[in-house]
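Here the structure comes first, spelled out in structure tokens, and everything after it is commentary.
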4 protein chains.
Amino acid sequence: MRVKDDIKRDAIIGATISLVNEIGFAASSVSKIAKRADVSPATIYIYFKNKEDLLVSTYVNIKVSMANIILREFDHTMPVRDAIFLAGKRLYTYINGHSELFAFAEQFGNSPYTDLVDKAEIEAPFKPMYELIQHGIEQKIIKDVPFELLFAHLYLPIFNLVNPRLHPNFEVTPEIVETSMHMAWDAIKL
Amino acid sequence: MRVKDDIKRDAIIGATISLVNEIGFAASSVSKIAKRADVSPATIYIYFKNKEDLLVSTYVNIKVSMANIILREFDHTMPVRDAIFLAGKRLYTYINGHSELFAFAEQFGNSPYTDLVDKAEIEAPFKPMYELIQHGIEQKIIKDVPFELLFAHLYLPIFNLVNPRLHPNFEVTPEIVETSMHMAWDAIKL
Amino acid sequence: MRVKDDIKRDAIIGATISLVNEIGFAASSVSKIAKRADVSPATIYIYFKNKEDLLVSTYVNIKVSMANIILREFDHTMPVRDAIFLAGKRLYTYINGHSELFAFAEQFGNSPYTDLVDKAEIEAPFKPMYELIQHGIEQKIIKDVPFELLFAHLYLPIFNLVNPRLHPNFEVTPEIVETSMHMAWDAIKL
Amino acid sequence: MRVKDDIKRDAIIGATISLVNEIGFAASSVSKIAKRADVSPATIYIYFKNKEDLLVSTYVNIKVSMANIILREFDHTMPVRDAIFLAGKRLYTYINGHSELFAFAEQFGNSPYTDLVDKAEIEAPFKPMYELIQHGIEQKIIKDVPFELLFAHLYLPIFNLVNPRLHPNFEVTPEIVETSMHMAWDAIKL
DNA sequence: GATGAATGAGCCTTCATTCAT
DNA sequence: GATGAATGAAGGCTCATTCAT
């Protein structure tokens, strides 16, 4: 028998990402994705249970890989401030180098499909970040407020500004990121 | 007779909002909206050019009314900091009192439909806000960085945290808003 | 090795019968049958030319085995009336003991697939029955009318009443069968 | 607005009947039916809730009309035997004159769709027949056995023989019907 | 012989929109 | 202005069958 082909699976995921970015979430039908992946619609159902599974899997894949790239070799002994700035820079680098993946994730993150995602699976890779923040709070370096608030102020602005759909005329440069990180730090530092 | 028309138009818009919040953007078809508005599908095409027009109009309506409520009687002589905190509080009040409108706007704002919106029309009512910030910069009270950065740090965190889809287990209280505004102020103040 | 083959073939036929009885004729797809038989879809095409062949073969198998059981040791010297009653009782016994096979055959017998069956192959095993009837006619015990008419009056009522789809609230007991055979005999006897 | 068109409804039902008779139940898809009725597939869903509803409605229509034709002006004072023979003749006439309707009903009656039919609705029009039989039993003219048995012996043979799928080489003539009715009467009479 | 991957065709149904009244 | 009927196109998905191993 033929063997399941990772190349084919990747082609399907790739087609999904590029198509969703191009024509939007709602307009991306299974048969269009299949056509772009140069595959029969039926083949998609060999690799994924259904359309929902395809989209969710694609999203989770992206999110996990993003976390791994941003938080790789995260040093617990590094000063909190330095670690946070480092993560910010890496986030920017990631987005710049994988703009398609990022754009897809943003679109997905605000669609109703998000409800179907296992949140725990996505948040797990960010655990080192949580620990870092916790450490900062204990050292009285960071404000003692809910995590959600700290994260929102830290990285949401960049996530938002970098989105071309939301800010078509605003280009995020490394300098902008640097500035944003400084502002964020002012927001969360004690 | 005008009155009758407006009632019907409002019924359609109302049905659109509640349906989208209930079953999501993609599943909200014209005929379902028509049924909920107790109107024929064909009637919708009398008041709106097409589905896209209906959704965009609904969105713009909401955005404009939101700006008006938040920025009403905005006093230019008020200290910058006080004005910004006031806007934050009003934003929270608005979201709490019009959760359906807000939820629709958030869903719309991240759909591909956003591309079809005339950005200028939406941003116009926020002009007083721009002027206030500009004033703060000139007075050396606020950091001299792009507007987009300032706005992103000011209000995005709350917009994000208040979204139940994104934070199903996090409740935003007036205290949280107060805290967030303080953090935001730390971020943007010079 | 032959044994292994036959086991697999029987597994496929068994899966076909049970699945058709469970979810109906139309819903019984080749891949579902394969799954139930614990076999690859492709394997089915080794033992049967196609789906049609699978179904028809299953049907013919059942029909032939049914005839053999009902008419085994059929004694030509036995009085016509006794032989006919005996066949009736055996028919009932068969149906009770092989309700799955019978149910499948009934469903198949009224589907368009029937057209594909070689009628001669199915009717051949019933030859002793034909001869018996013929004998009865010659002896002026049975009405001299077309065979089809005689058979229809003899056994159709039981076939029909025993079908749970057609008579969900009617239970056929040995007494009912006895009664039906008496009525049938009244119908065909001279 | 346009008005719902009984002609169109009838065209759909007619197309359903002729197509099912031609290519069988399973192969009769909604789009093929639509094409034959010279109508869009979507139009079918205006007149019927779904495919199942279309088929069931068609069947019930046929069954009810059949009963009405066979049992019209059924005279309660007529001798039981005469009434039964009359019904038999009318049944034959009906089948001859509406062979398409009859063929559809037979195919439907043995499909899994039958489970979806409200049995009461179909049996109601046959009530006069029930009463006649009941009358015959009370007068000690007919055997005192369950109704189902009596009906099965009375009309099943003809229903079966007249079915060209089951008996492609057997032609039912008025004489055959007459003979069958005589046999049936012998079966049920006391 | 046996397998699971792979497929184009087709399934039922709903869509956004227009037509006729 | 308002309606419900009407539609071609497209939706997600499964089918019977064949391919490559």
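Sequence lines set the chain letters: A, B, ... in the order given, protein chains first and strands last, and positions in each chain run from 1.
D:Lys32 comes within contact range of the sugar-phosphate backbone alone, with a heavy-atom separation under 4.0 Å but no base atom that close.
Look at F:dT21: its Watson-Crick or wobble partner, with both distances under 3.5 angstrom, is E:dA2.
Relative to the side chain of C:Val30, the nucleotides F:dA16, E:dA5, E:dG8 differ in distance, and F:dA16 lies closest. Nearest to the side chain of C:Lys51, among E:dT17, F:dT17, F:dT3, sits F:dT17.
Going from atom CG of B:Asp53 over to atom P of E:dA16 covers 14 Å, rounded to whole Å. The nearest whole Å value for the distance from the CZ atom in D:Phe48 to the P atom in F:dA6 is 12 Å. For the pair D:Arg9 CZ and F:dA5 C1', the interatomic distance rounds to 15 Å; values are reported in whole Å. Atom OH in D:Tyr45 sits roughly 14 Å away from atom C1' in F:dA10 (whole-Å rounding). Straight-line distance from the CZ atom of A:Phe25 to the C1' atom of F:dG11: 16 Å, rounded to whole Å. The distance from atom CD1 of A:Ile44 to atom C1' of F:dC13 is 11 Å, rounded to the nearest whole Å. C:Ile12 places its CD1 atom 9 Å from the P atom of E:dA2, with the value rounded to the nearest Å. Atom C1' of nucleotide F:dG8 and atom CD1 of D:Ile46 are separated by 13 Å, given to the nearest angstrom.
For F:dA2, the OP1/OP2 oxygens have a side-chain nitrogen or oxygen of B:Lys8 closer than 4.0 Å. Residue B:Ser29 has a polar side-chain atom (N or O) positioned under 4.0 Å from OP1 or OP2 of E:dC15. The phosphate of F:dA5 (OP1 or OP2) has no side-chain N or O of D:Thr43 nearer than 4.0 angstrom. Of the side-chain N and O atoms in D:Tyr47, one or more sit less than 4.0 angstrom from OP1 or OP2 of F:dA6. Put simply, B:Ser40 has no side-chain N or O that comes within less than 4.0 Å of OP1 or OP2 on F:dA2.
Comparing D:Ser31 and B:Asn50 by the nucleotide of DNA chain E that holds the closest heavy atom to each, the one mapping nearer the 5' end is D:Ser31. In terms of position on DNA chain F, the residue among A:Glu52 and D:Ala42 whose nearest nucleotide sits closer to the 5' end is D:Ala42. Nucleotides of DNA chain F nearest to A:Ser28 and C:Pro41 differ in position, and the one nearer the 5' end is that of A:Ser28.
In terms of the salt bridge (Lys or Arg N to Asp or Glu O under 4.0 Å) criterion, A:Asp118 has no residue partners (sequence neighbours excluded).
The environment of NZ in B:Lys49 is sparse: at most 12 heavy-atom neighbours from other residues, nucleotides or ligands sit within 6.0 Å. For A:Lys35, the NZ atom counts as loosely surrounded, since its 6.0 Å shell holds 12 or fewer non-hydrogen atoms of other residues, nucleotides or ligands.
Using modelled atom types, no side-chain atom of D:Thr43 and backbone atom of D:Val39 make a donor-acceptor pair closer than 3.5 Å. Here the side chain of D:Thr114 pairs a donor or acceptor atom with the backbone of D:Phe108 at under 3.5 angstrom.
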